[in-house]
Every structure is written in C-alpha cells, then in structure tokens.
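Here is the structure we will look at, set down as structure tokens.
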Amino acid sequence: MKAAYPIVVSKGTTHLVVFIPDFNINTQGTDYANAMEMARDAIGLMGIDLEDDHEPLPQPSELSDVTKEYPGQVVTLVDVNFTEYRRKNELRTVRRNVSIPSWLNEKADQAGLNVSAVLQVALKKELHLTE
C-alpha cells in the first residue's frame, strides 16, 4: 500500500524537527532531504508495526487540514510504500527445511555453494523481485 502523509518541519538549533501528525510521532534530519527521508522511515516503521499488530493504518490527513503553529514551519507530504518498506527492512530470517537429492547436495558442497543463498536468488527470480 502506498500513501502520502503530511509532515510539519521546524528548524531546531542544530537539526530540522519533523512532526508526523497522523502517527503523532517526531523525528529529525540534518537538512530537508534527510528530514523527509527520516520521516519516511519513521512512518514506514510505525506502519509495519501497526500491520504486525493487526491494527489499521491511519488515513492520511489532507494537507490543507494541517496547520503551521509557528512561523517558518514547512508543511509538506511524504510518500511511503509500506509493502516496499517492509520488503527492504524485514531482515529477520526464517528457517525452512528443503529436500534435495543427495547427489545434488554433494555437488553443491564440492562447488562450495551456499544452498540457502542460491535458493534465495532462485526464489527472487521466480517471483520477479528485484533488490
């Protein structure tokens, strides 16, 4: 699922502070590009946590409904693809037993192949997934 959430960026003393009203969270960045990246990351983390807890994602507020509280604040949108975010950041591995013929296992061992790595590459290719 892809969505665009409003953020409010304020200048702090050393960093830009980002408030994400729909999730009621804050983050920060060193410059505007980094602040938007950090906001996308924070939204992605919160989103997959909510999904894992079987809770709904908040609907994005309308940009026009988000107001500045102080002069100099910037209100803008950050897009997040939760499916893509999960795929790129889900680093846990799962153990899976597979059966292969013994002769194939011996050939793989002789070639010094990591069967798990070869299987991952083959599955990504079969599923048309890219890094």
Q) Would a hydrophobic clustering, with Ile, Leu, Val, Met, Phe, Trp and Tyr connected at side-chain separations under 4.5 Å, put Leu16 with Ile7? A) yes

Q) What are the two closest non-hydrogen atoms of Pro60 and Ala4, and how far apart are they? A) CB-O, 3.1 Å

Q) How long is the span from the NZ atom in Lys2 to the OG1 atom in Thr83, to the nearest 0.5 Å? A) 11.0 Å

Q. Which pair of non-hydrogen atoms, one from Pro58 and one from Leu50, has the smallest distance, and what is that distance?
A. CD-CD1, 3.9 Å

Q) Are Val78 and Met46 joined in one hydrophobic group, where the rule is that I, L, V, M, F, W and Y side chains link up if heavy atoms are under 4.5 Å apart? A) yes

Q: Evaluate the criterion side chain to side chain contact (heavy atoms under 4.5 Å, CB included) for residue pair Val74 and Tyr32; output intermediate values, then yes/no.
A: CA-CA 10 Å; Val74 175; Tyr32 283 100; 4.0 Å; yes

Q. Atom CZ of Phe19 and atom CG of Asn24: how far apart are they, to the nearest 0.5 Å?
A. 4.5 Å

**Q.** Pairwise distance OG(Ser102) to CG(Asp109) - rounded to 0.5 angstrom
**A.** 11.0 Å

Q) Can you check whether Gln73's main-chain N or O pairs, donor with acceptor, with Ser10's side chain at less than 3.5 Å? A) no

Q: Take Val18 and Met38, measure what side chain to side chain contact (heavy atoms under 4.5 Å, CB included) needs, and give me the verdict at the end.
A: CA-CA 8 Å; Val18 181; Met38 297 304 289; over 6 Å; no

Q: List the atom of Ala42, the atom of Ile20, and the distance in Å for their closest heavy-atom pair.
A: CB-CD1, 4.0 Å

**Q.** Nearest non-hydrogen partners of Pro6 and Leu63, listed with the distance
**A.** CB-CD1, 4.1 Å

Q | Hydrophobic cluster identity match, Leu77 and Val17, side-chain contacts under 4.5 Å | A | no

(Q) Under a 4.0 Å threshold between the charged nitrogen and the carboxylate oxygen, would Arg40 count as salt-bridged to Glu37? (A) no

Q) ring-ring contact (aromatic ring centres under 6.0 Å, His included) with Phe23: which residues, sequence neighbours excluded? A) Tyr5

Q: Measure the CZ-CG distance between Arg87 and Leu129 for me, rounded to the nearest 0.5 Å.
A: 6.0 Å

(Q) Distance check, rounded to the nearest 0.5 Å: Ile43 atom CD1 versus Phe82 atom CZ? (A) 6.5 Å

Q: Working to the nearest 0.5 Å, report the span between OG1 of Thr27 and CG of Asp41.
A: 7.5 Å

Q | Test item: Leu57 and Met1 side chains (from C-beta on) under 4.5 Å apart, heavy atoms | A | yes

Q. Is Val98 close to Leu119 at the side-chain level, that is, under 4.5 Å between some pair of heavy atoms?
A. yes

Q: If a pair satisfies side-chain hydrogen bond (donor to acceptor under 3.5 Å, both in side chains) and one of its residues is in residues 52-67, list it, with sequence neighbours excluded.
A: Asp22-Ser61, Asp52-Arg86

